[in-house]
Amino acid sequence: MATRGGRPYELVVFGASGFTGHFVAEEVARVAAGAELRGSLRWAVAGRSRDKLQGVLDRAAERLGKPELKSEVGIILCDVSDPSSLADMAKQAAVVLNCVGPYRFFGEPVVKACVENGTSCVDISGEPQFLEGMYLKYNDKAAEKGVYVVGSSGFDSIPADMGVLYTRDNLKGTLTAVESFLTVKSGPEGYSIHDGTWKSAIHGLADQDNLRKLRKQIGYKPLPVIGAKLKRRGLVFYSQEFKEYSIPFMGSDVSVVKRTQRYLHTDLQETPVQYAAYATVGGIASVIKLMLAGLLFFLLVKFSFGRNLLAKYPELFSGGHFTKKGPTQKQIDGSSFTMTFFGEGYCEGQDPQQGKPNVKICTQVKGPDAGYVATAVAMVQAGVALLKDASSLPKQGGVYTPGAAFSKTKLIDRLNKHGIEFSVISKSEA
């Protein structure tokens, strides 16, 4: 099946031999054989080492019982430090799934190569500075080329961004505010996260000033507050709903959701939804441990020697949560997440500018291991939506958040079929 301009591949997984990349490659293989695509998807893996890429395909072939993967999937050799090799990769693909992070160091050359060569791309960055920097630099050019650059399409921040839209679409009336609570469960083996994510966090927190400057440069207009103003909660608070302590969620979800809501408001004249994100952390002992680790992290991250220490000893400074090896397969299999959304708004026919909210809704997004399995599922389904739901994408190309790119596509249905489940828990008229 020919693709965009007769390109040999519809999807290319770049960085397929990296820790996250091999999960993504395996997920593409799984989806390619599934009901919707029935073996018609032409795809390839890309990276620096032919042997490592072949190893990824061999492992996927073994795990999925599909020996044909070893010979049917293309292998493209390219290096993030060699722009001509990236251009060569981009020219062969309709969509690139970019798994090479930290994106603040390695992300831009891939975006540049894709935009210049008329290729859409998806990444799983949770780094607001990278995501918004790419918007500033490449949005107009992507629009001109008719390509879609969709960042934050992993666990950061598809569950939150699409979860807010799902909540909005299931409320009878106007949704004006949502709070989400993330709960992550691990099995008897415990859990750890690969230190690539840790490094992204170190550089992100060290660089807050530049993020502020970047936002000034973009010149975001403040979003109007519609409905009752959402009250901010404290740095640590006891959540009645979950009967445990919660803290503000440190990821990119809030910034991504805000960008989606801004787009929907300015381009599609939809009512913007206020949003806050929290994570449950358990009992008081967990809170104290977390606060001490957090304090140390914030102190060290301000100095270059501190950043070097943090980067060199992830296990020590994260209390074992981040490791250079990442989680074992058993740890991954035993892990899952639930994101619960509490929304409020105004019933049909009532002006949200008047009076108190009078309808409530609770929804949930549940899925397997957040860091790698759910991230791979989300990223691959974002890629499939770009290929299959083209007529439902925004009219113009550009640099988009998942919610902005996919609000009118079948992405939520696709995620539901692949293990990231969206559901309504309750609705009530106040």
Side-chain angles (χ1 to χ4, degrees), residues 1-18 20-22 24-25 27-28 32 41-50 52-53 56-57 73-125 127 130-131 133-154 376 379-390 393-394 396-400 402 405:
M1 140 166 128
T3 66
R4 188 184 178 111
R7 296 183 177 198
Y9 303 113
E10 287 160 289
L11 282 182
V12 170
V13 181
F14 178 49
S17 56
T20 307
H22 76 254
V24 174
E27 184 59 23
V28 174
L41 184 80
R42 295 157 68 112
W43 67 286
V45 289
R48 287 181 300 199
S49 154
R50 179 177 292 278
K52 282 186 180 167
L53 292 167
V56 169
L57 295 178
V73 178
I75 291 181
I76 299 171
L77 293 183
C78 59
D79 188 326
V80 78
S81 62
D82 174 3
S84 68
S85 74
L86 293 178
D88 189 48
M89 167 184 72
K91 284 178 183 142
Q92 298 182 60
V95 176
V96 168
L97 302 181
N98 179 19
C99 305
V100 181
Y103 292 92
R104 71 168 52 236
F105 302 127
F106 305 120
E108 184 175 350
V110 182
V111 173
K112 186 173 191 287
C114 285
V115 171
E116 285 175 355
N117 291 287
T119 308
S120 289
C121 70
V122 175
D123 70 57
I124 44 179
S125 170
E127 304 157 61
F130 167 74
L131 297 163
M134 293 306 95
Y135 171 78
L136 180 66
K137 282 179 90 163
Y138 295 99
N139 186 52
D140 294 345
K141 186 131 202 222
E144 193 185 300
K145 289 276 198 177
V147 300
Y148 297 86
V149 176
V150 189
S152 52
S153 291
M379 183 185 216
V380 172
Q381 291 309 319
V384 173
L386 286 176
L387 292 169
K388 299 286 172 196
D389 300 345
L393 296 169
Q396 261 194 316
V399 176
Y400 288 102

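Quick note: residue numbers are just sequence positions, from 1.
Contact annotation: the side chain of E116 approaches that of K141 to within less than 4.5 Å [non-hydrogen atoms, C-beta and beyond]. When side chains are defined from C-beta on, V122 does not count as touching N98, because their heavy atoms never get closer than 4.5 Å. Contact of the I124 side chain with the Y103 side chain is registered, since non-hydrogen atoms from C-beta on lie closer than 4.5 Å. At least one side-chain heavy atom of L53 sits under 4.5 Å from a side-chain heavy atom of L77. Between V110 and V80 there is a side-chain heavy-atom pair separated by less than 4.5 Å.
Put simply, the side chain of N139 gets close to the backbone of V399: a donor and an acceptor are under 3.5 Å apart. Y148 places a side-chain N or O within donor-acceptor distance of the main-chain N or O of P394, the cut-off being under 3.5 Å. Proximity of a side-chain donor or acceptor of K145 to a complementary backbone N or O of N117 within less than 3.5 Å is not detected. With hydrogens and angles disregarded, a donor-acceptor distance shorter than 3.5 Å links the side chain of T119 to the backbone of A90. Formation of a donor-acceptor pair under 3.5 Å by the E10 side chain with backbone atoms of R42 is found in this model. Looking at S85, its side chain never comes within 3.5 Å of a backbone N or O of C78 through a donor-acceptor pair. Counting only distance, with no hydrogens or angles, the side chain of R48 and the backbone of D79 share no donor-acceptor pair below 3.5 Å.
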Check your understanding: Can you list the steps and then say if D123 with F14 is a side-chain contact (heavy atoms from CB on, under 4.5 Å)?
Key -> CA-CA 10 Å; D123 70 57; F14 178 49; over 6 Å; no
Review point. Does the side-chain contact (heavy atoms from CB on, under 4.5 Å) test come out yes or no for V28 and L41, once each step is laid out?
Key: CA-CA 9 Å; V28 174; L41 184 80; 3.8 Å; yes
Practice item. Mind running side-chain contact (heavy atoms from CB on, under 4.5 Å) on S120 and L386 for me, showing each step along the way? Key: CA-CA 8 Å; S120 289; L386 286 176; 4.2 Å; yes
**Study point:** Pair V149-Y135, side-chain contact (heavy atoms from CB on, under 4.5 Å): steps then yes or no
**Key:** CA-CA 9 Å; V149 176; Y135 171 78; over 6 Å; no
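Within the model, atoms CG of L387 and CG of L393 stand 9.5 Å from one another, a figure rounded to the nearest 0.5 Å. The CG atom of D88 sits 7.5 Å away from the CD1 atom of I76 when rounded to the nearest 0.5 Å. With values rounded to the nearest 0.5 angstrom, K388 atom NZ is found 11.5 Å from Q381 atom CD. Expressed to the nearest 0.5 Å, how far CG of L11 lies from CG of L97 amounts to 5.0 Å. For the atom pair S84 OG and M89 CE, the distance stands at 11.5 Å (nearest 0.5 Å).
When all heavy atoms of A93 and R7 are compared, the closest pair comes out as O-NH1, 2.8 Å. Taking both residues in full, the closest heavy atoms of S152 and L131 are given as N-CD2, 3.5 Å, listed atom of the first, atom of the second, then distance. Pairing each heavy atom of A405 with each of Y400, the nearest pair is CB-CB, 3.9 Å. In terms of heavy-atom proximity, A32 sits nearest to W43 at CB-NE1, 4.2 Å. What you find for S17 and V56 is that their closest heavy atoms are CA-CG2, 3.6 Å. Closest of all the heavy-atom pairs between A25 and V45 is CB-CG1, 4.1 Å.
E108 and Y138 form a side-chain donor-acceptor contact under 3.5 Å, judged by distance and modelled atom types alone. No hydrogens or angles considered: nothing links the side chains of R104 and S125 as a donor-acceptor pair under 3.5 Å.
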